[in-house]
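Remember, it's a predicted structure, so these values are computed and weren't measured experimentally. Order of the sequence lines sets the chain letters (A, B, ...), proteins ahead of strands, with each chain counted from 1.
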Amino acid sequence: MSTTTDLTTRATGAPAGAAAPAKSRRRGEPSRAGAALTHTVLGLAALIAVFPVLWIFYISLGPDKTDYLHPGQIAGKASFANFSKVLGQTDFLTWFGNSLIVAGGTALFGVLIAASTGYAVSRMKFPGLRPLMWSLLATQMFPIAVLIVPMYYIMASLNLLDSYGGLILVYSTTTVPYCAWLLKGYFDTIPTEIDEAGRVDGLSPFGTFWRLILPLARPGLAVAAFYSFLTAWAEVPFASTFMLSSDKYTLAVGLTTFVSQYESQWNLMAATAVLIAIPVTALFYLVQKNLVTGLTAGAAKS
Amino acid sequence: MTALVKSLKRSYSTYWYAYAMAAPVVIVLGVLVAYPLGRGIYLTLTDANSLNVGHTVGVNHIPDTFKFVGLHNYTDVLFGPGSYDRFWSHFVWTVVWTVTCVVLHFSLGLGLALLLNQKMRGRTFYRLMLIVPWAVPSFVTVFSWRLMLADGGLVNNLLSFAHLPQPNWLEDPLAQKAAAILVNTWCGVPFMMVSLLGGLQAIPAELYEAAEMDGANAWQRFRNVTLPGLRSVSSTVVLLGVIWTFNQFTIIYLLFGKNNAPDVQILVTWAYQLGFGQLPRDYAQSATYGIILLSILIVFTAFYQRWLKRADQSAV
C-alpha cells in the first residue's frame, strides 16, 4: 500500500522520467508552457473585454458625423469637439444631474431597507420567514410588462409621475430584493456572538443591528449600494415611461432620444456614451474588491 | 401558566422586532409589486388598451370603458389566429437565447475564473481588464457594439479584410440573433467570472493537497474538489443568470432599436412593444404576455430547486 502511494507520488512529481530529478512544482504554480498559454488566453480575453469600450472612445474623437464609417481617418483629426458640443449644446448636464439624484436616492433608500430586512431574515425566526425569502427571489422574475402599466396608474394616483421619488421607489422594487438577499448572506458570515454581546450590554435588537452589525457589514453595504446605483443608472424602460418631461430624462433615456433626434450623429452619441461611462466605471473600480467578497458571501449562504 | 405567558411575551417581542425590520421592504414590494401584479392580472381578463382606459385630458376625466373578457387574452395569445408568429416563435427564441447565453456565460466565466485563480504575475491587471464589460453601463457598451456591427462597421471591415462573409448583423434575422447572443455573452461573462472566482477562492487549499496526495490528476481534482466546492455559488448564479437573461430588456431593445427587428424580439421586449411601442397600446395583451412569462419562470425555478435538492441528496 505505502509502496503504491510512493510510486504514484514519484510518477506525478517527475512525469518525464528524466534521469536527473526534475525540480518539483508547488501546487498552483503552472509549468512554463502552461503559464505562457494562460497569459495568452487571459490576454486575448482581456483584449476582447476592453476593446468595445476603447472603440467607442476612439469613435468619440472623430468630429464628423460619418467618421464611424471611416475610422482610419479619425487618427489624423482627433479632437474633443464632440465633448464640447455635448456638454454645451445638449441637455446632457440636466440628464446627468437627474441620474445622480435618482441613482443616489435608490442606493441610499434601497440599502437601508434591504439591510434591515436582510438582518431580520438572517437572525430571526418568525412566521412568514420562508414566504418572505421566496418573494425576494420571485421579484427578480417579474417582467416589466406585467408591472409597468399598473405601476403607471399607481404612480399617477399618488402624483409620483415625472418625479424623482416615484422613480426611486420603482427602482427599489428591483434592487431591494436582490440586496436583501445579498446582505442576508453577508450577515450570515458575522458570528452570532456579536449579537449575544449586544444583548448582554442591554441593547435591543434595533440597537444591536445599528451599532454593532452595520459597522461590521460595511463592505457588504458598499456592494449593495453600488449594485443599486448601477441598476438605476443604466435602466431604460421605467425611466422612459415614468419621466414624462424632457428636463426629467435620465442619461439612459437621453441617449435613446439621440436615436431619433440625431439619427446620423453617432459622433455625439459616442461622446455622450463616454461621458456617461466614466464616473460609474471609476466608482465600480473603487468598490470592485468588496464586490467579489459580497457576492460570494451572498451567493454561498443562500 | 406563568412560564407560558412569559414565553408568549418573549415570542411576541421577538417577532415584533423582526416584523418591524422587514416591514419597509414588505410595504414597498406590497404597494409597487404585489398590488400592480394583481392589477396586471386583472387587466389580462379585460380588453384594456390606451383607447378605452380611463385618462385625464386637461380638466376632463374620461372613465374606463374596457370590458371583462375572461380568459380570452390567454387563449388568443396561445392558440388564436397567428399565435405562432405572435407568441410561439418568440417563446422558442427566448428559450434558445436563454439557454445559449447562460451556457456561454457559465463556461467562459468558469474557464476565466480557473485561469485567474492561479498564482501568476499580472493577475490583478487581468482581473481589472476582464470586468470592464460589467463596470461600464450596458447601454453604453451596447451602443458601442451597435456601431461595430453596423453596415460598414468595424466587424464587417475586419471580415472583409479576411475575405470572410459579412452578415448584415443588425438587419438579417439570423445574424441578428447571433449578434444578440454575442453581445449578451460579452456583457454577462464578467459577473459569472467574478462570482465563480470568489467561490474558487473560498475552497480550502487543504482539499487540493489531500487530493494530490492521493494521486489525483488535474481533471480528477477539478471534478471531485472544484465542482463540488463551487456548487452553492454556481447554483445561485446560474438561477439568477437564467432569470436575468430570460427577462433581458436592455440589450435587445437598444441593439436593434424600435419596430424594425420583430424576429429577434424575446418575450419581454415583445410584450413591452405591445404595451408601449405601438398605437393603440395594448395593455391587456402586454400584461397577458407578462403573466405568461412570470409563470414560465416560476415553474422553472420550482423544478430547478427540486432538482438541486435531489442532486444534493444523491451527492451525500
Can you tell which part of [X] gets under 4.5 Å to a heavy atom of chain A, answering side chain, backbone, both or neither?
X        : value
B:Leu239 : side chain
B:Leu108 : neither
B:Ile41  : neither
B:Gln285 : neither
B:Trp270 : neither
B:Val189 : neither
B:Leu43  : side chain

Working to the nearest 0.5 Å, report the span between [atom1] of [X] and [atom2] of [Y].
X        : Y        : atom1 : atom2 : value
A:His39  : B:Gln118 : NE2   : CD    : 9.0 Å
A:Thr38  : B:Tyr126 : OG1   : OH    : 9.0 Å
B:Thr236 : A:Leu182 : OG1   : CG    : 11.0 Å
A:Leu54  : B:Ser144 : CG    : OG    : 9.0 Å
A:Ile48  : B:Thr185 : CD1   : OG1   : 11.5 Å

Derivation of the side chain to side chain contact (heavy atoms under 4.5 Å, CB included) call for A:Leu42 and B:Leu130: CA-CA 8 Å; A:Leu42 285 176; B:Leu130 286 166; 4.0 Å; yes
Pick one of side chain, backbone, both or neither for [X], based on which atoms fall under 4.5 Å of a heavy atom in chain B.
X        : answer
A:Tyr152 : neither
A:Thr241 : side chain
A:Thr173 : both
A:Leu132 : side chain
A:Ala270 : both
A:Ala180 : neither
A:Leu47  : neither
A:Tyr58  : neither

What's the verdict on side chain to side chain contact (heavy atoms under 4.5 Å, CB included) for B:Val25 and A:Leu136, showing C-alpha distance, side-chain angles and the deciding distance? CA-CA 9 Å; B:Val25 162; A:Leu136 293 178; 4.0 Å; yes
Is the A:Phe284 ring parallel, tilted or perpendicular to the B:Trp134 ring (thresholds 30°, 60°)? perpendicular
Restricting to non-hydrogen atoms, name the atom on B:Val136 and the atom on A:Val53 that form the minimum distance, rounded to 0.1 Å. CG2-CG2, 4.0 Å
Shortest non-hydrogen contact from B:Met129 toward A:Ala46: CB-CB, 3.8 Å
Decide yes or no for [X] and [Y]: does some side-chain heavy atom of the first lie under 4.5 Å from some side-chain heavy atom of the second?
X        : Y        : answer
A:Tyr153 : B:Tyr283 : yes
B:Leu29  : A:Pro177 : yes
B:Ile27  : A:Ile113 : no
A:Ile154 : B:Pro36  : yes
B:Val132 : A:Tyr285 : yes
A:Leu169 : B:Leu32  : yes
B:Arg39  : A:Met151 : no
A:Pro52  : B:Thr141 : no

Please identify, among A:Gly118, A:Ser135, A:Pro237, the residue contributing the most non-hydrogen atom pairs under 4.5 Å to chain B. A:Pro237
Out of A:Leu158, A:Val176, A:Thr139, A:Ile276, return the one with the most heavy atom pairs under 4.5 angstrom to chain B. A:Ile276
Chain A: which of [options] shares the most heavy-atom pairs with it under 4.5 Å?
options                                : value
B:Thr44, B:Leu154, B:Leu37             : B:Leu154
B:Ile296, B:Ile131, B:Leu116, B:Leu254 : B:Ile131
B:Leu128, B:Leu112, B:Ile291, B:Val28  : B:Leu128
B:Ala135, B:Gly38, B:Gly40, B:Gly153   : B:Ala135

Verify whether the ring centers belonging to B:Trp186 and A:Phe51 lie closer than 6.0 Å. no
Taking ring-ring contact (aromatic ring centres under 6.0 Å, His included) as the test, write out the residues that go with B:Phe249, two or more places apart. B:Tyr253, B:Tyr272
Just checking B:Tyr35: does its OH atom have more than 12 heavy atoms from other residues, nucleotides or ligands closer to it than 6.0 angstrom? no
Quick check on B:Phe125: does its CZ atom have over 12 non-hydrogen neighbours (other residues, nucleotides or ligands) under 6.0 Å away? no
